[in-house]
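Okay, structure first, notes after.
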Amino acid sequence: MYIEQIYTNCLSQAAYYVESDGEAVVIDPLRDPQPYLDLAKKRNSRIKYVFETHFHADFVSGHLDLSRKTGAVIVFGPNAKPAYQALIAFDGEEFTLGSIIIKVIHTPGHTLESSCFLVIDESGKENAIFTGDTLFVGDVGRPDLLSGNLDKTTLTEMLFDSLKFKIKTLPADVIVYPGHGAGSACGKNLGKETSTTIGEQMEKNYALKETNKDAFVQAVTSGLSKPPAYFFKDASININGYESIDKVIKSAATELNPEMLLNEVKNGCVILDTRDAEEFAEKFIPGSINIGLNGQFANWVGTLLEFNAPVILVTEIGKEKESAMRLSRIGYDNIKGFLKEGIESWVKAGHSCDSIQSITYEKYCNDSQVVDFLVLDVRMDNERNEMQFPNSLNIPLQVFQETISSLDRFKPVFVYCAGGYRSMMAASLLKKNNFGIVCNLKGGINAYKDKAPELMFR
């Protein structure tokens, strides 16, 4: 038996490849099927099944394209009602894969159809379980993403029973392979580890330690942040199907010169610049939104861009396809093309660029003009507990677009976050909304922990 985890940092998502005697199953694949095809080819195996733990809300699954290319059977657990051909397994149904067995364990709660897949190895031992969004390291899946006609309290009660009767009864040494790690919005506070055991979670996970159902409901449902709006769009896509990724990428590969780009903008296209924050700050096309590939790209696209908005890409040279692929992973398929030769082609064509000044903390302290700036902190409220700029206004980036109209666009603005990634997004949105002077804290506030004790709040 062979198990490989394929982890994607920008989505904090884990897909899995399981193989035995030349037969393989892929669990919760991302939209691009090529990595799984390449892995099966490398290991001289045939992909027999594609297992889906549930209808994902945070990304578009690759099950359809992978099935089309391999003939693999798509398998969901009970209660799933996809609009395409799939095998809907019953609770306890077993699938043979080479010399091992994979058993479906229906665990409703995160969603009605949520299921886990238990691996019984060649010796008949319960070896590992793929828990999707039912159980994470240190957390469980939130119950408010795709509930149908059920409220989150009812689903949380279902989750309590699923954990009590299906998960906690497994041997302590069973390896747990969850669908997400730290940074995912599918839970509240996921651990940084990407695998664990049933025994470890029985000791450390608040949800598995809780034995009272009412207390469990209160613990799981309290403190849930607002999910990105695209979550509900992606869930619908995963239920109803989607266009082949090959067609999406082919359309996104359309080369645009500056004049063609301007025409697309006139037709309502959004310019999405995926370069690193500091590169973007030096020069960018006026009206561009910066969401760098080097961070939680997918989540921020889904938070800041309207779903299905027509997009033009400006990227680092060679990053055009990657940018398009990462957009398509969350269902942003309306990509009109990319600026050929990047920002330099814009400059060579004689068009003007905008810029955002990145300033250090020292410059902030020594520049008398900065005193008149509106200081914006775009971190989450709980991040301000340790350190913050005095007299700063906290507007988390998650709700920035909802509140930007209430700000004085004639007042110069100084924006900061933890590391500079989120603040540059906010700065680009300010510029797009015709704010005049916008500055960004270079490196973010975390870069000044040892240099600026006056910012510390303990």
Side-chain angles (χ1 to χ4, degrees), residues 183 273-297 300 304 314-316 319 342-344 347 352-401 403-404 407-458:
D273 194 316
T274 67
R275 294 176 295 153
D276 289 354
E278 292 302 322
E279 290 183 25
F280 174 83
E282 290 181 8
K283 54 187 173 186
F284 59 88
I285 299 173
S288 301
I289 297 176
N290 175 235
I291 306 178
L293 290 176
N294 61 325
Q296 293 281 321
F297 177 77
W300 286 117
L304 300 177
V314 177
T315 76
E316 177 186 335
K319 295 290 187 179
I343 191 66
E344 294 306 322
V347 175
S352 62
C353 290
D354 208 341
S355 63
I356 293 167
Q357 185 180 7
S358 284
I359 63 176
T360 64
Y361 175 72
E362 291 79 8
K363 182 174 176 59
Y364 171 84
C365 291
N366 297 322
D367 191 334
S368 61
Q369 293 182 332
V370 175
V371 175
D372 297 324
F373 278 49
L374 170 63
V375 181
L376 282 182
D377 183 343
V378 297
R379 298 175 298 164
M380 297 293 287
D381 180 64
N382 61 350
E383 295 180 80
R384 288 166 59 84
N385 295 334
E386 184 178 1
M387 59 191 303
Q388 60 180 267
F389 275 79
N391 303 314
S392 57
L393 176 63
N394 181 218
I395 304 179
L397 185 59
Q398 285 85 344
V399 297
F400 198 73
Q401 297 213 89
T403 57
I404 197 170
L407 303 176
D408 184 357
R409 66 182 47 166
F410 298 105
K411 189 176 182 65
V413 183
F414 173 70
V415 194
Y416 73 94
C417 66
Y421 181 72
R422 286 173 288 176
S423 58
M424 191 58 72
M425 290 186 238
S428 70
L429 290 170
L430 289 168
K431 294 293 275 185
K432 182 175 174 60
N433 282 272
N434 299 315
F435 282 70
I437 299 174
V438 179
C439 295
N440 176 65
L441 178 64
K442 186 178 180 66
I445 196 170
N446 286 353
Y448 304 96
K449 285 184 176 181
D450 299 328
K451 301 178 182 179
E454 65 273 18
L455 299 180
M456 304 299 285
F457 288 81
R458 294 190 186 278

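These numbers come from the heavy atoms of this one structure, side chains and all, not from hydrogens, waters or symmetry mates. Because the structure is predicted, anything quoted here is derived from the model rather than measured.
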For the side chain of [X] and the backbone of [Y], is there at least one donor-acceptor N/O pair under 3.5 Å apart?
X: K411; Y: D372; value: yes
X: E279; Y: D276; value: no
X: N394; Y: D377; value: yes
X: Y421; Y: G292; value: yes
X: K431; Y: G436; value: yes

So, for [X] and [Y], which heavy atoms are closest and what is the spacing to 0.1 Å?
X: V378; Y: C417; result: CG2-CB, 3.8 Å
X: V314; Y: I343; result: CG1-N, 4.3 Å
X: I404; Y: Q401; result: CG2-O, 3.6 Å
X: N290; Y: D273; result: ND2-O, 3.1 Å
X: S352; Y: P286; result: O-CD, 3.5 Å
X: V438; Y: I356; result: O-CG2, 3.6 Å

Fill in: Test side-chain contact (heavy atoms from CB on, under 4.5 Å) applied to K432 - qualifying residues, sequence neighbours left out
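With neighbours one apart ignored, the set is I289.
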Item to complete: Taking the side chain as every heavy atom from C-beta outward, state whether Y364 and L441 have any pair of such atoms under 4.5 Å apart.
Response: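 With C-beta onward as the side chain, the pair stays apart.
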Discussion item. Take a 6.0 Å sphere around CG of D408 and say whether it holds more than 12 heavy atoms from other residues, nucleotides or ligands.
Written reply: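 More than 12 within 6.0 Å, yes.
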Output the distance between atom [atom1] ([X]) and atom [atom2] ([Y]), rounded to the nearest 0.5 Å.
X: N433; Y: S428; atom1: CG; atom2: OG; answer: 9.5 Å
X: S423; Y: Y416; atom1: OG; atom2: OH; answer: 10.5 Å
X: Q357; Y: N440; atom1: CD; atom2: CG; answer: 10.0 Å
X: I437; Y: F410; atom1: CD1; atom2: CZ; answer: 12.5 Å
X: N391; Y: F373; atom1: CG; atom2: CZ; answer: 15.5 Å
X: L397; Y: R379; atom1: CG; atom2: CZ; answer: 13.0 Å

Discussion item. Would you say the ring centers of F389 and Y448 fall short of 6.0 Å from each other?
Written reply: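 Ring centres of Y448 and F389 not closer than 6.0 Å.
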Item to complete: Evaluate side-chain contact (heavy atoms from CB on, under 4.5 Å) for F400 paired with L430, printing each intermediate quantity in order.
Response: CA-CA 10 Å; F400 198 73; L430 289 168; 3.9 Å; yes
Item to complete: Begin with the C-alpha distance, continue with both residues' side-chain angles, and end with the deciding distance and a verdict on side-chain contact (heavy atoms from CB on, under 4.5 Å) for L407 and L374.
Response: CA-CA 9 Å; L407 303 176; L374 170 63; 4.1 Å; yes
Practice prompt. State which residues pass side-chain hydrogen bond (donor to acceptor under 3.5 Å, both in side chains) with E316; sequence neighbours excluded, sorted by chain then number.
Written response: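 If we apply the side-chain hydrogen bond (donor to acceptor under 3.5 Å, both in side chains) test to E316, skipping adjacent residues, there are no hits.
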Worksheet item: Can a salt bridge be assigned to the pair E282 and R275 using a cut-off of 4.0 Å between side-chain N and carboxylate O?
Response: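 No, this pair does not count.
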Worksheet entry | Test: E362 and K442 ion pair at under 4.0 Å |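 Between K442 and E362 there is no salt bridge, as every charged N stays at least 4.0 Å from the carboxylate O atoms.
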